[in-house]
Amino acid sequence: MAFKSILAILALSAVLQSVEGAITRRIACPDGNIASNAACCPLFAIRDDIQENLFDGGECGEEVHESLRLTFHDAIGIGSRGGGGADGSIITFETQELTYHANNGLDEIIDRQKPFIAKHNITAGDFIQFAGAVGVSNCPGAPRLDFFLGRPTAAAAAPDLTVPEPFDTVDNILARFADAGGFSPEEVVALLASHTIVASDHVDPTLEGVPFDSTPSTFDTQFFVETQLRGTLFPGTGGNQGEVESPLAGEMRLQSDSELARDSRTACEWQSFVNNQAKLQSAFKAAMRKMTILGHNISQLTDCSELIPTPKALTKIATFPAGLTNADVEQACASTPFPSLSTDPGPVTSVAPV
Ligand code: HEM
């Protein structure tokens, strides 16, 4: 009996050692950095370069917003109509994909990213997703996104009409996400947390840098609060395709975000993010992990998530913008009341362009 116990203890300790070995395995990179896998070593220099020279020293600004949008427009190019997903085809075949209406404006960030791809030995597909994950880490409140390395160069352009448009119906948007990668309505809502860091340049051609919420430089839940408020005005001319009235001067609301916030399939999920920073982070991180590897088998990629910086935490709780209260909420979730929030003090403000 005692002998059997000793054997069991020895076996257990061997397992623990091998588990510990796997966890603590470290490789010294040629540049002196330490990585868990040698394949991740070149990413240190790329990360430092883009933080300094693409993201203006680690800011959550325009290039970060555009880089995140680019991760989506590349990755969603997959499904029953064809396309290779997150394969960099939006850059490799930019002459074709940038003619697609939904990709309007992405030429600017592609032009900014291409020199980094040329300088470093990395595929466009890997670079787009790496830049997105590093960039998002500059936004306080964001989750620390995963990054997997190893996407080959795209073989062909994605077909047109894979990227949802703000004037698409909820039916079509949900169907497109399901077709692209089996995304559930809940995962679609989680991915739209990305619209908490937006400065739109192209929906209203007369305006530049128009946020979708009052806090475009922080990855917070204000977007989910403000999209649920009654729309009363346009930030600019109005009458633009895919735009509906917002509750705040200077703020833009997409028709698609407005409808997803009010549709019975997505409204409760939408509302559940209000003032729930922990859920915002975990759900967005999980949905992004799925989106950023569309078209690839994860077992053939290398997990280099350790290269992604840890974002600053955010402590501010969600509020109604000054002058607005629960009476301005267009309650759409039938089963749960809208969370009670305080109203920002002071006179009614407008949202400044980014
Ligand atoms: C129903 C799905 C979606 C629609 C219809 C949509 C539509 C749009 C539109 C029209 C803009 C404004 C572009 C401009 O005027 O410059 C925008 C911006 C943006 N979108 Fe989406 N989007 C969707 C989903 C997503 C997803 C899944 C992500 C990322 C995971 C994303 C990330 C962004 C970001 C970061 C911006 C800001 C870009 C900037 O400030 O330059 N979007 N989106």
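Counting starts at 1 for both ligands and their atoms, following the listed order.
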### Summary
Listed as residue and atom, the protein N/O/S atoms under 2.8 Å from atom 21 (Fe) of ligand 1 are His195 NE2
### Message
Same cluster or not: Leu324 versus Phe338, using hydrophobic residues (I, L, V, M, F, W, Y) connected whenever any side-chain heavy atoms lie under 4.5 Å apart?
### Response
yes
### Task
Name all pairs fulfilling the side-chain hydrogen bond (donor to acceptor under 3.5 Å, both in side chains) condition that reach into residues 270-279, sequence neighbours left out, sorted by first residue then second.
Thr227-Trp270, Glu269-Lys279, Gln271-Gln331, Ser272-Lys279
### Query
Among pairs that include at least one residue of residues 121-151, which meet ring pair (Phe, Tyr, Trp, His ring centres under 6.0 Å), considering only residues two or more places apart or in two chains?
Phe130-Phe147
### Enumerated ligand 1 atoms positioned under 4.0 Å from heavy atoms of Ser256
5 (C)
#### Entry: Those atoms of ligand 1 less than 4.0 Å from some heavy atom in Leu191
27 (C), 30 (C)
### Sidechain N-carboxylate O distance under 4.0 Å for Lys119, Asp49
yes
#### Entry: Under 4.0 Å to a heavy atom of Ser200 - the qualifying atoms of ligand 1, by number
12 (C), 14 (C), 15 (O), 16 (O)
## Note on the structure
d(Ile46 CD1, Ile122 CD1) to nearest 0.5 Å is 4.0 Å
## Note on the structure
the protein heavy atom lying closest to atom 11 (C) of ligand 1 turns out to be Phe212 CZ, 3.9 Å
### Task
Number the atoms of ligand 1 from 1 as they appear, then name those within less than 4.0 Å of a heavy atom of Leu68, with their elements.
35 (C)
### Message
Quick check on Asn297: does its CG atom have over 12 non-hydrogen neighbours (other residues, nucleotides or ligands) under 6.0 Å away?
### Response
yes
### Task
Distance to 0.1 Å, residue and atom name: give those for the protein heavy atom nearest to atom 40 (O) of ligand 1.
Ala199 N, 2.8 Å
### Message
Less than 4.0 Å is my threshold; does some heavy atom of Gly105 fall inside it relative to ligand 1?
### Response
no
### Message
Using 0.5 Å steps for rounding, measure from the CE atom of Met291 to the CG atom of Asp74.
### Response
9.0 Å
### Query
Taking side chain as C-beta onward, heavy atoms only, is Arg47 less than 4.5 Å from Leu43?
no
### Query
Does ligand 1 have an atom that lies less than 4.0 angstrom from a heavy atom of Met288?
yes
### Summary
the protein heavy atom lying closest to atom 35 (C) of ligand 1 turns out to be His65 O, 3.1 Å
### Summary
atom 41 (O) of ligand 1: closest protein heavy atom, distance to 0.1 Å, is Glu66 CG, 3.1 Å
### Query
Do you reckon Leu207 sits in the same ILVMFWY cluster as Val354, going by side-chain contacts under 4.5 Å, direct or chained?
no
### Query
Should you measure from each heavy atom of Asp201, which atoms of ligand 1 turn up under 4.0 Å away?
14 (C), 15 (O), 16 (O)
## Note on the structure
The complete set of salt bridge (charged side-chain N to carboxylate O under 4.0 Å, His left out) pairs with one or both residues in residues 80-103, sequence neighbours excluded, reads Glu94-Lys114
### Message
With clusters defined by side-chain heavy atoms of hydrophobic residues (ILVMFWY) lying less than 4.5 Å apart, directly or transitively, does Val210 cluster with Phe234?
### Response
no
### Query
Is the Phe177 to Phe72 ring centre distance short of 6.0 Å?
yes
### Summary
min-distance protein heavy atom vs atom 4 (C) of ligand 1 -> Pro164 O, 4.1 Å
### Query
With under 30° as parallel and over 60° as perpendicular, where do the rings of Phe223 and His195 fit, or are they tilted in between?
perpendicular
### Query
Where is the nearest protein heavy atom to atom 1 (C) of ligand 1: which residue, which atom, and how far?
Ile173 CG2, 3.7 Å
#### Entry: Gly242 touching ligand 1 at heavy-atom level, < 4.0 angstrom
no
